Amino acid sequence: MKITLNRINDDFLFECTNGQGNSILLDNTSQPGAKGVSPMESVLMAVAGCSGIDVVSILKKQRQEIKSFQAEVEGERIQVDDAKPFKSIMVKFLLEGEIDPKKALKAAELSFEKYCSVSKTLEPNVEIGYEVFVNGEKI
């Protein structure tokens with residue numbers, strides 16, 4: 001796996017491109033007019049995307065009918081020397097459809113305990129939790 005980062009303006013805007021030519025924009029979001037997400041926001045997005053792929057994949061294999069899938073991710077940061085790494089991350093899954101709540105909860109559990117490479121990468125230093133809501137009800 002390889003990505004390429006290219007600076008695309010005179011400030012802090014970067015385009016990151018993968019081997020298939022897909023890209024995202026990273027920027028310094030503490031500056032006005034930022035046109036991309038911050039690198040730390042991209043970490044939260046990666047957790048949401050990785051676990052989201054897992055949960056949807058597991059539920060599809062179980063023939064659950066997902067009409068809507070969202071994830072909200074919040075990260076708490078701490079000061080460590082001059083850096084501010086994540087201390088904890090909380091993922092909230094919001095699913096709608098003909099979905100067995102127990103299967104949805106188990107899918108999230110499997111993602112974070114077994115499959116999600118992003119959360120497994122962060123896990124030694126970051127506490128990661130999750131909540132699952134199916135049709136508005138917390139499971």
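Numbers here are sequence positions counted from 1. This structure is a prediction, so every number in the text was calculated from the model and none was measured.
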Asks: I'd like to check the salt bridge (charged side-chain N to carboxylate O under 4.0 Å, His left out) partners of Lys35; sequence neighbours left out, ordered by chain and number.
Replies: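 For Lys35 there are no salt bridge (charged side-chain N to carboxylate O under 4.0 Å, His left out) partners, ignoring immediate neighbours.
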
Asks: For residues 9-57, which residue pairs pass the ring pair (Phe, Tyr, Trp, His ring centres under 6.0 Å) check, not counting sequence neighbours?
Replies: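 Listed by first then second residue: nothing to list.
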
Asks: Report the C-alpha distance between Met40 and Leu44 in whole Å, list the side-chain angles of each, state the deciding distance to 0.1 Å, and finish with yes or no for side-chain contact (heavy atoms from CB on, under 4.5 Å).
Replies: CA-CA 7 Å; Met40 293 301 280; Leu44 297 180; over 6 Å; no

Asks: In chain order, what residues pass the salt bridge (charged side-chain N to carboxylate O under 4.0 Å, His left out) check against Glu137, with sequence neighbours excluded?
Replies: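 Here no residue qualifies.
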
Asks: Counting only N and O atoms by type, is there a donor-acceptor contact under 3.5 Å from the side chain of Ser111 to the main-chain atoms of Ala107?
Replies: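 Not a single qualifying donor-acceptor pair exists.
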
Asks: Are Ile139 and Val91 grouped together when hydrophobic residues (ILVMFWY) are joined by side-chain heavy atoms under 4.5 angstrom apart?
Replies: yes

Asks: Suppose the criterion is salt bridge (charged side-chain N to carboxylate O under 4.0 Å, His left out): which pairs have a residue in residues 43-63, not counting sequence neighbours?
Replies: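 Found none.
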
Asks: Kindly indicate whether the side chain of Val55, heavy atoms from C-beta on, has any atom under 4.5 Å from the side chain of Val132.
Replies: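 Side chain of Val55 against side chain of Val132, heavy atoms only: no contact under 4.5 Å found.
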
Asks: According to ring pair (Phe, Tyr, Trp, His ring centres under 6.0 Å), does anything in residues 49-100 pair up with another residue at least two apart or in another chain? List the pairs.
Replies: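 The answer is Phe69-Phe93.
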
Asks: Scan for ring pair (Phe, Tyr, Trp, His ring centres under 6.0 Å) pairs involving residues 114-139, sequence neighbours excluded, and state none if there are none.
Replies: Phe112-Tyr130

Asks: So, the side chain of Arg77 versus the backbone of Gln79: is there a donor-acceptor pair under 3.5 Å, distance only?
Replies: no

Asks: Between Leu26, Val43, Asp27, which is the residue that forms a side-chain contact (heavy atoms from CB on, under 4.5 Å) with Val37?
Replies: Leu26

Asks: Report the residues that fulfil side-chain contact (heavy atoms from CB on, under 4.5 Å) with Thr29, sequence neighbours left out, ordered by chain and then residue number.
Replies: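 With sequence neighbours excluded, Thr29 shows a side-chain contact (heavy atoms from CB on, under 4.5 Å) to Ala34, Ser38, Glu41, given in chain and number order.
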
Asks: Under the side chain to side chain donor-acceptor pair (under 3.5 Å) definition, can you give me all pairs with a residue in residues 90-100, not counting sequence neighbours?
Replies: none

Asks: Could you walk me through whether Ile99 and Ile66 satisfy the side-chain contact (heavy atoms from CB on, under 4.5 Å) test, starting with their C-alpha distance in whole Å, then the side-chain angles of each, then the deciding distance to 0.1 Å, before giving a yes or no?
Replies: CA-CA 7 Å; Ile99 303 164; Ile66 304 167; 4.1 Å; yes

Asks: Is the backbone N or O of Gln62 less than 3.5 Å from a side-chain atom of Gln64, with the two atoms forming a donor-acceptor pair by type?
Replies: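 Side chain of Gln64 to backbone of Gln62, a donor-acceptor pair under 3.5 Å: yes, one is there.
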
Asks: Could you tell me which residues satisfy salt bridge (charged side-chain N to carboxylate O under 4.0 Å, His left out) with Glu113, sequence neighbours excluded, listed by chain and number?
Replies: none

Asks: List for me each residue that meets salt bridge (charged side-chain N to carboxylate O under 4.0 Å, His left out) alongside Glu127, sequence neighbours excluded, and say none if there are none.
Replies: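 Residues passing salt bridge (charged side-chain N to carboxylate O under 4.0 Å, His left out) with Glu127: none at all.
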
Asks: Cluster partners of Leu13, using ILVMFWY side-chain heavy atoms under 4.5 angstrom, listed by chain and number?
Replies: Ile8, Leu25

Asks: Applying the 4.5 Å side-chain criterion to the ILVMFWY set and letting contacts propagate, would Val47 and Val56 be lumped into a single cluster?
Replies: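 Yes, because Val47 and Val56 connect within a single hydrophobic cluster, where side-chain heavy atoms sit under 4.5 Å apart.
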
Asks: Any pair with a residue in residues 34-58 that passes ring pair (Phe, Tyr, Trp, His ring centres under 6.0 Å), sequence neighbours left out, goes on the list, sorted by first then second residue, please.
Replies: none

